[in-house]
Amino acid sequence: MRFFFYLLGFGMSVIGGTTMIAYLNIMTSRSDWKEYLLFISTKVECYFLPIGLLITWLSIFFPFRDDG
């Protein structure tokens with residue numbers, strides 16, 4: 001089950017990261033980073049990157065065990 005969530009989080013991270021990089025092509029030389037961040041904040045697929053990273057992190061480190 002942990003491996004499934006790891007792959008799910010990794011896949012979501014790849015989709016979100018790739019989409020964010022693809023949207024960089026939309027930026028023209030006149031636009032700035034603020035406009036880019038405002039633009040990607042309106043796109044749902046860009047939220048896959050932080051959600052995927054969180055799922056991947058949780059699948060690796062959850063449940064927290066203290067062996068000591």
Side-chain angles (χ1 to χ4, degrees):
M1 192 65 158
R2 179 180 290 223
F3 188 66
F4 170 75
F5 281 109
Y6 176 78
L7 289 178
L8 178 69
F10 181 76
M12 289 178 71
S13 299
V14 169
I15 290 171
T18 304
T19 304
M20 288 177 74
I21 291 171
Y23 282 138
L24 279 173
N25 292 325
I26 293 175
M27 285 184 58
T28 60
S29 61
R30 296 182 192 168
S31 62
D32 57 353
W33 288 102
K34 182 181 175 185
E35 292 177 14
Y36 172 71
L37 293 175
L38 287 174
F39 176 74
I40 65 169
S41 67
T42 60
K43 302 297 179 186
V44 176
E45 60 269 16
C46 292
Y47 291 111
F48 285 167
L49 178 63
I51 293 170
L53 289 174
L54 179 67
I55 291 173
T56 303
W57 185 82
L58 287 174
S59 69
I60 293 172
F61 296 111
F62 190 78
F64 303 105
R65 285 190 225 154
D66 187 18
D67 293 335

Asks: If you count the non-hydrogen atoms of other residues, nucleotides and ligands that lie under 6.0 Å from OH in Tyr6, is the total more than 12?
Replies: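 Atom OH in Tyr6 is not packed in, count stays at 12 or less.
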Asks: Do Phe39 and Met20 sit in one hydrophobic cluster, given that two such residues count as connected whenever their side-chain heavy atoms are within less than 4.5 Å of each other, even indirectly?
Replies: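 Yes, same cluster.
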Asks: Does Trp33 belong to the same Ile/Leu/Val/Met/Phe/Trp/Tyr cluster as Leu49, with side-chain heavy atoms less than 4.5 Å apart forming each link?
Replies: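 Both belong to a single hydrophobic cluster.
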Asks: Report whether Phe61 and Met1 are members of the same hydrophobic cluster (ILVMFWY, side-chain heavy atoms less than 4.5 Å apart, transitive linking).
Replies: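 Unlinked, Phe61 and Met1 end up in two clusters.
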Asks: Between Phe48 and Lys43, is a side-chain contact (heavy atoms from CB on, under 4.5 Å) present by the stated rule, with each step listed?
Replies: CA-CA 10 Å; Phe48 285 167; Lys43 302 297 179 186; over 6 Å; no
Asks: Looking at every heavy atom in both Arg2 and Ile60, which two are closest together, and how far apart are they?
Replies: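 Taking Arg2 first and Ile60 second, the nearest heavy atoms are NH1-O, 3.2 Å.
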Asks: Restricting to non-hydrogen atoms, name the atom on Met12 and the atom on Gly52 that form the minimum distance, rounded to 0.1 Å.
Replies: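 So the minimum-distance heavy-atom pair works out to CB-CA, 3.9 Å.
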Asks: Out of curiosity, does Leu8 fall in the hydrophobic cluster containing Phe62 (side-chain heavy atoms, cut-off under 4.5 Å, transitive links)?
Replies: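 Phe62 and Leu8: separate clusters.
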Asks: To the nearest 0.5 Å, how far apart are CG in Asp32 and CG in Leu38?
Replies: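 That separation rounds to 8.5 Å.
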Asks: Hydrophobic clustering (ILVMFWY, side-chain heavy atoms < 4.5 Å, transitive) - are Ile21 and Val14 grouped together?
Replies: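 No, because Val14 and Ile21 fall into different hydrophobic clusters, even though each may have its own neighbours under 4.5 Å.
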Asks: I would like to know whether Ile15 and Thr18 meet side-chain contact (heavy atoms from CB on, under 4.5 Å); could you show each step before the answer?
Replies: CA-CA 5 Å; Ile15 290 171; Thr18 304; over 6 Å; no
Asks: What are the two closest heavy atoms between Ser13 and Leu53, and how far apart are they?
Replies: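 Closest heavy-atom pair between Ser13 and Leu53: OG-N, 3.1 Å.
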Asks: If you count the non-hydrogen atoms of other residues, nucleotides and ligands that lie under 6.0 Å from OH in Tyr23, is the total more than 12?
Replies: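 Enclosed: over 12 neighbouring heavy atoms sit under 6.0 Å from OH of Tyr23.
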